[in-house]
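See below for the structure under consideration.
Throughout, protein chains are lettered first and strands after them, A, B, ... in sequence-line order, and every chain is numbered starting at 1.
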2 protein chains.
Amino acid sequence: MPPPSVTLTPSAEPPAGDAGGPAFSPLYRQIKALITRSLQGGEWRPGEAIPSEMELAVRYKVSQGTVRKAIDELATDNLLVRRQGKGTYVATHAEQHIQYRFLRLAPDDGEGEVRLQRRFIDCRRLRASAEIARWLEIKAGEPAVQVRRLLLRGDQPIVLDDIWLPGTLFKGLTAERLSDYRGPMYGLFESEFGVRMIRAEERLRAVAADAAAARWLTVPEGAPLLSVERISFTYADRPVELRRGLYHTANHHYRNALS
Amino acid sequence: MPPPSVTLTPSAEPPAGDAGGPAFSPLYRQIKALITRSLQGGEWRPGEAIPSEMELAVRYKVSQGTVRKAIDELATDNLLVRRQGKGTYVATHAEQHIQYRFLRLAPDDGEGEVRLQRRFIDCRRLRASAEIARWLEIKAGEPAVQVRRLLLRGDQPIVLDDIWLPGTLFKGLTAERLSDYRGPMYGLFESEFGVRMIRAEERLRAVAADAAAARWLTVPEGAPLLSVERISFTYADRPVELRRGLYHTANHHYRNALS
DNA sequence: GAGTGGTCTAGACCACACT
DNA sequence: GTGTGGTCTAGACCACTCC
């Protein structure tokens with residue numbers, strides 16, 4: 001048979017004095033990279049179906065099995081969603097019945113479910129401090145957006161979030177658009193600003209409530225709160241959100257699975 | 001070709017009035033279950049190699065590809081470890097250069113690394129309270145073992161752990177054996193008691209230090225501490241450990257990846 | 001060189017969704 | 001029925017480890 005058009009090549013030229021990184025990348029990883037590039041470039045939009053495995057196999061001149069393995073990994077990474085009998089779809093934060101994919105909060109009773117109300121406190125444009133800029137990998141002094149909001153269960157405030165975003169990516173973001181949007185905030189980011197959150201890293205610690213946090217969360221000053229710092233990434237591991245949440249964990253907890 | 005000896009059958013007889021669980025399980029999942037059963041039964045011990053894919057294919061009378069997919073999932077579940085050119089090995093908590101596979105603590109500076117000393121405070125046998133028994137799925141009043149220990153970085157205490165184990169599984173467990181063992185505690189459980197920890201669930205919250213915790217962790221009473229409740233499971237989702245850790249998070253944090 | 005896991009292919013058939 | 005993803009097979013070759 002004819003050789004595939006995508007030949008097995010070193011994935012990247014290792015710099016001289018390289019410590020021994022992977023020298024080759026298998027075909028299916030190169031296909032994966034090509035599909036990822038199309039996702040990043042917007043060739044297929046969130047919620048849409050991508051071409052069938054057979055079509056992609058023809059397009060990339062490889063076998064269906066190789067495309068399959070590439071898609072397998074992308075599905076594992078939560079970039080694609082497979083639906084048997086229908087097709088493979090671009091994952092989306094909207095339309096997803098799981099309201100908050102990244103929120104690990106759960107009530108102490110009940111199973112996993114939380115129904116939370118949002119209340120936006122503030123949305124302002126400012127210049128990134130040195131620390132914010134470092135996390136977002138922008139320059140200090142560049143424009144940024146800060147959002148402050150509460151999550152409530154009934155009328156009990158549970159989470160106070162402070163969110164920082166690069167101003168250049170979120171130009172038209174206002175408190176009104178945040179309030180008006182139905183669905184998770186990451187769905188808004190995706191559909192209105194073309195920024196798709198892929199993965200995130202969180203750092204948790206226990207802190208004492210300061211005066212402002214105590215007021216918003218209606219707890220005594222000094223009460224223990226769970227601090228959750230999150231940095232979210234879009235394609236190519238580019239950081240696009242810094243978030244600091246203070247969780248009131250008297251009747252809720254942060255759940256995590258280890259394996 | 002001859003039909004495979006493991007035929008495609010309903011994975012389990014759905015009870016009458018079943019809500020529509022999966023009716024079939026593919027061949028590779030049945031192979032996976034067979035391999036898991038051998039692991040559980042001790043046919044291959046932690047750290048040992050299992051038979052090659054070809055040998056297993058012959059044994060189960062399926063193709064190598066089907067065995068391969070079963071092993072793929074078991075490797076993803078961290079039950080097996082593949083080593084190219086050598087073989088497939090039973091995962092183990094001992095001999096693993098990652099000292100604490102389940103400990104998500106990291107120093108605020110530096111990258112991921114923590115080098116912690118252990119100090120065992122107490123190891124006593126008692127009868128399970130109703131709550132402990134509920135988590136361990138044993139009967140209240142049945143024998144249990146409680147271990148209390150500190151984790152220190154240098155001479156700074158960071159974590160105070162209280163651990164409860166079913167007494168029937170951990171008969172000869174003493175403070176001496178805990179102190180003498182080199183390597184992670186789960187390695188001891190595995191080699192000395194034949195109990196392999198497969199996965200765990202954690203619940204995190206912020207709490208105020210009580211008098212005892214404050215003393216052990218050398219923090220003021222009422223200081224915020226990160227409470228980490230863990231329930232660990234062995235094969236067949238059987239709970240075999242309940243653990244409550246109090247983390248002093250002034251200079252450390254609990255890290256978590258979301259995707 | 002022999003043995004192991006890793007990749008790639010090609011083709012057959014099954015399960016599922018839509019029409 | 002048609003088209004999609006899901007499973008299974010068989011065989012070839014590659015990359016790595018150890019002898």
Side-chain angles (χ1 to χ4, degrees), chain A residues 1-11 20-35 44 48-76 79-91, chain B residues 1-11 20-35 44 48-76 79-91:
Chain A
M1 69 167 318
S5 68
V6 182
T7 48
L8 281 166
T9 54
S11 59
F24 291 88
S25 87
L27 236 195
Y28 72 86
R29 276 198 194 279
Q30 301 180 39
I31 304 301
K32 182 184 178 185
L34 290 175
I35 296 176
W44 313 303
E48 291 180 1
I50 70 170
S52 74
E53 297 179 350
M54 274 306 299
E55 287 176 281
L56 290 173
V58 170
R59 165 165 167 177
Y60 298 126
K61 296 206 178 67
V62 298
S63 78
Q64 190 204 11
T66 300
V67 170
R68 183 167 195 76
K69 190 147 186 185
I71 293 180
D72 277 347
E73 288 203 353
L74 288 165
T76 299
L79 292 185
L80 296 176
V81 178
R82 319 189 80 134
R83 295 188 195 142
Q84 180 171 159
K86 299 185 66 176
T88 301
Y89 294 77
V90 182
Chain B
M1 72 165 316
S5 68
V6 182
T7 48
L8 282 166
T9 53
S11 60
F24 291 87
S25 86
L27 236 197
Y28 73 85
R29 278 198 192 281
Q30 301 179 39
I31 305 301
K32 182 184 178 184
L34 290 174
I35 296 175
W44 312 304
E48 290 180 2
I50 70 170
S52 74
E53 296 179 351
M54 275 306 301
E55 287 177 282
L56 290 174
V58 170
R59 165 166 168 177
Y60 298 127
K61 297 206 178 69
V62 298
S63 78
Q64 189 203 12
T66 300
V67 170
R68 182 166 195 76
K69 190 147 186 184
I71 293 180
D72 277 345
E73 289 203 352
L74 288 165
T76 300
L79 292 185
L80 296 177
V81 178
R82 319 188 81 134
R83 295 188 194 142
Q84 181 172 157
K86 299 186 66 176
T88 302
Y89 293 77
V90 182

Can you give each donor-acceptor pair under 3.5 Å made by side-chain atoms of residues 51-58 of chain A, sequence neighbours left out, with the distance rounded to 0.1 Å?
{"unit_1": "A:S52", "atom_1": "OG", "unit_2": "A:E55", "atom_2": "N", "d": "3.3"}
{"unit_1": "A:S52", "atom_1": "OG", "unit_2": "A:E55", "atom_2": "OE1", "d": "3.3"}
{"unit_1": "A:E53", "atom_1": "OE1", "unit_2": "A:Q64", "atom_2": "NE2", "d": "3.0"}
{"unit_1": "A:E53", "atom_1": "OE1", "unit_2": "A:R68", "atom_2": "NH1", "d": "2.9"}
{"unit_1": "A:E53", "atom_1": "OE2", "unit_2": "A:R68", "atom_2": "NH1", "d": "2.6"}
{"unit_1": "A:E53", "atom_1": "OE2", "unit_2": "A:R82", "atom_2": "NH2", "d": "2.2"}
{"unit_1": "A:E55", "atom_1": "OE1", "unit_2": "A:S52", "atom_2": "N", "d": "3.1"}

Legend entry - Nucleotide nearest A:S63 when distance is taken to its side chain, options C:dC8, C:dT4, D:dG5: C:dC8
Legend entry - Interatomic spacing from CD1 in B:I35 to CD1 in B:I71 - rounded to 0.5 Å: 5.0 Å
Legend entry - Partner set under side-chain hydrogen bond (donor to acceptor under 3.5 Å, both in side chains) for A:K69, not counting sequence neighbours: none
Inset, instruction - Measure the distance from CD on B:E53 to C1' on D:dG11 and round it to the nearest whole Å. - result: 15 Å
Legend entry - Residue list, side-chain hydrogen bond (donor to acceptor under 3.5 Å, both in side chains) with B:T66, at least two apart or on another chain: B:S63
Legend entry - Of the listed nucleotides D:dG5, D:dC8, C:dC8, the one nearest the side chain of B:Y28: D:dC8
Inset, instruction - Report yes if at least one side-chain N or O of B:K69 is closer than 4.0 Å to OP1 or OP2 of D:dT7; otherwise report no. - result: yes
Legend entry - Nearest-angstrom distance from the residue atom CD1 of A:I31 to C1' of C:dT7: 13 Å
Legend entry - For atom CG of B:L27 and atom C1' of C:dA12, their distance in whole Å: 15 Å
Legend entry - Set of residues satisfying salt bridge (charged side-chain N to carboxylate O under 4.0 Å, His left out) with respect to A:E48, sequence neighbours excluded: none
Inset, instruction - To the nearest Å, give me how far apart CD (B:Q30) and P (D:dT7) are. - result: 12 Å
Inset, instruction - Specify the separation, in whole Å, of atom CG of A:D72 and atom P of D:dG6. - result: 8 Å
Inset, instruction - Give the intermediate values and the outcome of side-chain contact (heavy atoms from CB on, under 4.5 Å) for residues B:T88 and B:L74. - result: CA-CA 10 Å; B:T88 302; B:L74 288 165; over 6 Å; no
Inset, instruction - Could I get the full list of side chain to side chain contact (heavy atoms under 4.5 Å, CB included) partners for B:Q84, not counting sequence neighbours? - result: none
Legend entry - Dot-bracket notation for DNA chain C, counting Watson-Crick and G-U pairs under 3.5 Å, with | for partners on another strand: ||||||||||||||||||.
Legend entry - D:dT9 OP1/OP2 closer than 4.0 Å to side-chain N/O of B:T66: yes
Inset, instruction - Consider the side chain of A:R68, meaning its heavy atoms from C-beta on, and name the nucleotide among C:dG5, C:dT9, D:dG6 that approaches it most closely. - result: D:dG6
Inset, instruction - Answer yes or no: does a side-chain N or O of B:R83 lie under 4.0 Å from OP1 or OP2 of C:dT4? - result: no
Inset, instruction - Check whether any side-chain nitrogen or oxygen of B:T88 sits under 4.0 Å from OP1 or OP2 of C:dT4, and answer yes or no. - result: no
Inset, instruction - For B:R82 and D:dA15, give me the distance from atom CZ to atom P, rounded to whole Å. - result: 18 Å
Check: protein-nucleotides 17-19 of chain D nitrogen or oxygen pairs below 3.5 Å:
{"unit_1": "D:dC18", "atom_1": "OP1", "unit_2": "B:K86", "atom_2": "NZ", "d": "3.2"}

